[in-house]
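Written out below as structure tokens is the structure these notes cover.
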Amino acid sequence: MFSSPLLDIETKLNADIGEFAGWQMPMKYTSYLDEHLAVRSSCAFFDLSHMGRLRIKGKIDELDKLVAKEIKKEKIGKMIGPTAFLNDKGGFEDDVMLYKVNEDEFLVVTNAINREKIINWIRKNSQLNVEDLTFDLAMIAIQGRTVWNIIEKVELQPLEFKLNTKYMNEEVYLISRSGWTGEDGIEIWGRPETLSRLIIKLVNLGVKPAGLITRDSLRQEMGFVLYGEDIDSFITPVEARYWVFSLDKEFIGREKIVEQLKTGVDKIRIGFKGKKNERTIPRKDNPFMVLGNKVGYVTSSTYSPYLNRVIGMGYVKPDHLYLGFNLNVDVRGKMIDVKISDFPLIG
């Protein structure tokens, strides 16, 4: 099992360490409810060192065939994504974020669980050079509604990034105006010793440390998918309603996407909300029921501290995708009432 290189400082901050995608990572520090609300009302930071960080060099035409979204027209210094690497059946190999460093150089962030798979997949399908930076650099995100009242503001527009720059008097490898919580903020790559010093500075400024449990509840409120839960190699972007592709170019998986857009799909992703006083949280693969018949299944669910109710997402037959429609979820024999809601669930 791998370990975050920031665990020493995080253990001193009383992090509760657990396993996620083969990594030892901070799962929470105090209460995930408090950490969640800190992001929605103030500011918090997360350790994201488990995510894959790759440098890709080579002809842009080769990478263009692997990536589902347009990359040639995007300007240098801009992030492209989320987008995806798809298989020839249109399923997700991974959903990723690309950083355009130059016309022949990109950085890529992958899901932790897919890092090795994506390295091998790129090498199998191209002559591109892939360098794994994951174990040389750590990664943190600082997110929240009052983030710029607490930390030094960066001169970046959303989805812009800088390389080899200074932030809060620390030399960092990359800083970007991005995140996966629905709030404003930044993500930083840097040497572990540099980010450990930065974490101390953040805590002294009152920025709350938050764990991966909180990150999961935040992304579910926004309707952001998680690989292995809500998408996988058998689910396409059309089924997931995840618009990560550009049809005006060729890429692996395009043919299946075009076919589904023309003929329709057998299942489609929905969001749902439970009733106010219901605390039973559906689990992955629990069935959605209508009049005693199974019409779909849950992929992920949690308790939303912001809405004070159970939320989640899953897939149903397209014939049952009516916003506001009530479904039952069979949670080990107990029927839970939920209502189909569009994303973001906190909107």
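Values reported hereafter were calculated over all heavy atoms of this structure, with side chains retained and with hydrogens, waters and symmetry mates removed.
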For Phe92, which of Phe245, Phe234, Tyr227, Tyr242 qualifies under ring-ring contact (aromatic ring centres under 6.0 Å, His included)?
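Of the listed options, the one satisfying the test is Tyr242.
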Could you state whether Val244 and Trp180 fall into the same hydrophobic cluster, counting links through intermediate Ile, Leu, Val, Met, Phe, Trp or Tyr residues with side-chain heavy atoms under 4.5 angstrom apart?
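Yes, Val244 connects to Trp180 through the hydrophobic network.
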Could you see if Met25 belongs to whatever hydrophobic cluster contains Ile213? Use Ile, Leu, Val, Met, Phe, Trp, Tyr and a side-chain cutoff under 4.5 Å.
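Yes; Ile213 is reachable from Met25 via cluster members.
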Between [X] and [Y] (salt bridge meaning N to carboxylate O under 4.0 Å), is one present in this structure?
X: Asp230; Y: Arg219; value: yes
X: Asp47; Y: Arg215; value: no
X: Lys249; Y: Glu70; value: no
X: Arg177; Y: Asp184; value: yes
X: Lys256; Y: Glu259; value: yes
X: Asp132; Y: Arg115; value: yes
X: Glu183; Y: Arg40; value: yes

Can you find a heavy atom in the side chain of [X] that is under 4.5 Å from one in the side chain of [Y]?
X: Ser176; Y: Met79; answer: yes
X: Tyr29; Y: Asp34; answer: no
X: Glu187; Y: Leu48; answer: yes
X: Phe343; Y: Arg269; answer: yes
X: Leu13; Y: Ile199; answer: yes
X: Ile56; Y: Glu105; answer: no
X: Ser178; Y: Gln143; answer: no
X: Phe106; Y: Leu63; answer: yes

Determine whether the aromatic ring centres of Phe20 and His50 lie less than 6.0 Å apart.
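Yes - the distance between ring centres of Phe20 and His50 falls below the 6.0 Å cut-off.
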Looking at every non-hydrogen atom in both residues, tell me the closest pair between Leu128 and Gly58 and how far apart they are.
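Scanning both residues completely, I find the closest heavy atoms to be CD2-CA, 3.7 Å.
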Distance-minimising heavy-atom pair for Ile281 and Ser301:
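Shortest heavy-atom contact: CG2-OG, 3.6 Å.
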Donor-acceptor check, side chain of Thr194 to backbone of Gly190, threshold 3.5 angstrom: yes or no?
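Answer holds: no.
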Would you say the side-chain atoms of Asp232 pair up with the backbone N or O of Gly228, donor to acceptor, closer than 3.5 Å?
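Side chain of Asp232 to backbone of Gly228: no pair is present.
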Hydrophobic cluster of Ile17, others only, ordered by chain and residue number, side-chain cut-off 4.5 Å
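Leu7, all in the cluster of Ile17.
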Give the other cluster members for Met289, using side-chain heavy-atom distances under 4.5 Å between Ile, Leu, Val, Met, Phe, Trp and Tyr residues; answer none if it is isolated.
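Hydrophobic cluster check, Met289: joined to Met335.
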side-chain hydrogen bond (donor to acceptor under 3.5 Å, both in side chains) involving Lys201 - partner list, sequence neighbours excluded:
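Applying side-chain hydrogen bond (donor to acceptor under 3.5 Å, both in side chains) to Lys201 gives Glu170.
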